[in-house]
There are 2 protein chains.
Amino acid sequence: MVAASDDDSPDDGHTRSDKGSQPNVSTGMLSAVMEDYIKTIYAIESDSDGRVSTSALADHLEVTAPTVSSMLKKLEERGLVDREEYKGVTLTEEGELVALEIIRHHRLLEAFLTEQLDYDWADIHDEADRLEHHVSEELTDRIAEALGNPPVDPHGDPIPDADLSFPKESETIRLADADEGGRVTVRRIRHQGDAELRYLADAGVRPEVELTVVDVAPFGMVTVETPAGEQSLPEEIAQLIEVAPAAAADGVEV
Amino acid sequence: MVAASDDDSPDDGHTRSDKGSQPNVSTGMLSAVMEDYIKTIYAIESDSDGRVSTSALADHLEVTAPTVSSMLKKLEERGLVDREEYKGVTLTEEGELVALEIIRHHRLLEAFLTEQLDYDWADIHDEADRLEHHVSEELTDRIAEALGNPPVDPHGDPIPDADLSFPKESETIRLADADEGGRVTVRRIRHQGDAELRYLADAGVRPEVELTVVDVAPFGMVTVETPAGEQSLPEEIAQLIEVAPAAAADGVEV
DNA sequence: ACCCTCAATTAGCCTTGTCTAATTCTCAAT
DNA sequence: ATTGAGAATTAGACAAGGCTAATTGAGGGT
Ligand SMILES: [Mn+2]
Ligand SMILES: [Mn+2]
Ligand SMILES: [Mn+2]
Ligand SMILES: [Mn+2]
């Protein structure tokens with residue numbers, strides 16, 4: 001029997017804009033699953049171009065093509081994607097707003113976990129990926145406030161503001177394209193999961209760190225000098241790292 | 001097109017002990033819905049006695065009796081409840097551990113929202129009620145640590161520790177049973193939702209506050225002197241408030 | 001123009017959690 | 001001992017998300 005209290009009124013069936021808080025953007029009440037589709041469409045759309053294919057989504061979401069196919073029809077009905085049979089989808093204006101909102105949740109959660117709860121930089125993606133669908137706008141905004149409305153998350157990914165527009169991003173190049181001998185600051189680590197992040201965390205490469213580009217070998221292997229020592233990074237990893245020229249002493253423009 | 005990154009691997013189907021973190025208590029992987037059933041069974045069990053009926057659960061969870069009936073069979077198969085046909089259920093040892101874990105999540109989240117994110121005391125239940133099913137043990141423990149392992153949540157409800165045992169509770173009586181003229185400290189506010197809490201928040205009655213019992217009227221109406229002035233509380237509200245004699249100056253035992 | 005391959009969609013089935021309608025128990029009151 | 005009311009369970013459906021197998025469409029190569 002022990003102690004108790006706190007009762008439940010059933011929740012779930014929840015997610016986008018539910019009862020809690022403000023009359024959110026979007027076609028009220030998307031499931032966590034739909035949100036993941038939208039978020040994934042946005043991600044694929046933004047680093048390939050043109051329409052997003054059924055099979056690309058199936059790969060990213062780890063479901064089968066027929067499953068994607070039927071979900072895309074539902075998303076079309078909801079007005080979140082423009083669909084052209086056999087040709088794939090693109091997000092509508094509204095779909096893009098939903099995506100941005102989820103991304104805002106995700107990145108603020110990541111920032112919060114590292115800054116306030118001492119989480120490891122490489123260990124936050126999964127937690128955020130789950131919670132992003134369950135935090136209210138209210139909570140998201142309070143987190144943003146507690147962190148001072150940061151422009152980027154711990155991986156250097158830009159965080160949309162409350163009105164869902166991105167902060168201006170600084171110019172960067174891929175580490176793989178950096179000049180030998182140059183001194184650069186890591187600005188952002190592109191990533192799909194926690195694997196690449198853990199690799200780089202171990203290598204001592206993370207946003208804000210300054211690197212000296214020691215060598216760029218023929219097949220893209222990049223050797224850098226980190227504060228913790230010299231590291232060689234395979235091309236495919238070096239491609240994920242965005243860097244900018246190291247701040248020349250006192251923030252002088254380049 | 002804007003900016004982007006952060007991909008998804010499908011999650012969901014998540015909840016209890018999933019992949020993230022430790023091999024949690026319980027029959028791995030309960031849905032949020034099952035967790036709510038377990039939590040509700042625990043709540044009913046602890047302030048009535050004996051078995052929990054199908055209809056009581058249906059009321060609390062706001063679903064129909066047949067729905068409860070079929071869910072109880074599933075929970076029985078999972079070994080979380082002992083079920084006796086037509087007689088209701090009780091939690092098994094294992095079921096109780098699941099309940100305690102959810103309660104720990106819930107109350108730590110409530111404490112965290114008020115203490116670290118400046119949430120209003122009366123406005124946290126719903127947010128916690130949703131998130132409790134989605135925070136990992138890891139996150140829960142970090143929250144507990146950040147708060148210094150508090151023994152109670154903002155409503156005075158005791159928080160199970162990491163090993164799921166309750167801290168010793170202080171002796172209390174219901175405000176409705178307090179002596180006229182006595183000086184008491186509010187220890188705990190029993191509540192089912194946010195409604196009672198908002199009422200009392202407005203009345204200036206919350207844990208830690210000292211009250212003087214001005215008058216206990218025949219039908220249970222209690223009038224108290226709060227730091228903010230005199231308040232009359234209906235019996236049904238006074239029943240929810242647990243108080244202890246106000247600390248006599250320097251923590252002298254009573 | 002024709003074909004072949006691969007992507008996409010359709011068809012049909014499954015599980016979870018819910019509902020309504022119908023049926024079956026239980027138990028207290030006669 | 002009966003019986004009737006109310007509680008619980010069974011039966012049958014449905015929506016959401018998934019899956020496999022079968023079918024259809026799109027396009028490049030010849
Ligand atoms: Mn996600
Ligand atoms: Mn990130
Ligand atoms: Mn809940
Ligand atoms: Mn509480």
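To find a chain, count down the sequence lines: A is the first, B the second, and so on, and within it residues start at 1. Excluded from the calculations below are hydrogen atoms, water molecules and symmetry mates; all remaining heavy atoms, backbone and side chain alike, are included. Computed from a predicted structure; not experimentally measured.
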message: Within this structure, what is the NE2-CG distance for the pair A/His134 and A/Leu139, rounded to the nearest 0.5 Å?
response: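 So the gap between those two atoms works out to 12.5 Å.
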task: Mind checking the CD-CG spacing from A/Glu93 to A/Leu91? Nearest 0.5 Å is all I need.
output: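 Rounded to the nearest 0.5 Å, the CD-CG separation comes out at 10.0 Å.
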Starting at atom [atom1] of [X], determine the distance to atom [atom2] of [N], rounded to an integer number of angstrom.
X	N	atom1	atom2	value
A/Leu57	D/dG17	CG	C1'	15 Å
A/Glu77	D/dA15	CD	C1'	13 Å
B/Asp59	D/dG6	CG	C1'	13 Å
A/Met71	D/dA16	CE	P	9 Å
A/Met34	D/dA16	CE	P	7 Å
B/Tyr86	D/dA5	OH	P	18 Å
A/Glu85	D/dT24	CD	P	14 Å
B/Lys73	C/dG17	NZ	P	15 Å

Of the listed nucleotides [options], the one nearest the side chain of [X]:
X	options	answer
B/Pro66	C/dA21, C/dG17, D/dA21	C/dA21
A/Thr54	C/dT9, D/dA8, C/dT18	C/dT9
A/Thr64	C/dT9, C/dG17, D/dT20	D/dT20
A/Ser53	C/dA8, D/dT20, C/dG17	C/dA8

Between [X] and [N], is there a contact of a side-chain N or O with OP1 or OP2 at under 4.0 Å?
X	N	value
A/Thr67	D/dG18	no
A/Ser70	D/dG17	no
A/Arg83	C/dT9	yes
A/Ser55	C/dC6	no

query: Looking just at side-chain N and O atoms, do B/His105 and B/Glu101 make a donor-acceptor pair shorter than 3.5 Å?
result: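 Note: B/His105 and B/Glu101 side chains miss the donor-acceptor criterion.
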task: For the pair B/His155 and B/His191, name the ring-plane relationship: parallel under 30°, tilted 30 to 60°, perpendicular over 60°.
output: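 Rings of B/His155 and B/His191: tilted, 30 to 60°.
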message: Checking side-chain contact (heavy atoms from CB on, under 4.5 Å) between A/Pro66 and each of A/Val68, A/Val63, A/Thr64, which is the one that passes?
response: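 It is A/Thr64, the one option of A/Val68, A/Val63, A/Thr64 that forms the side-chain contact (heavy atoms from CB on, under 4.5 Å) with A/Pro66.
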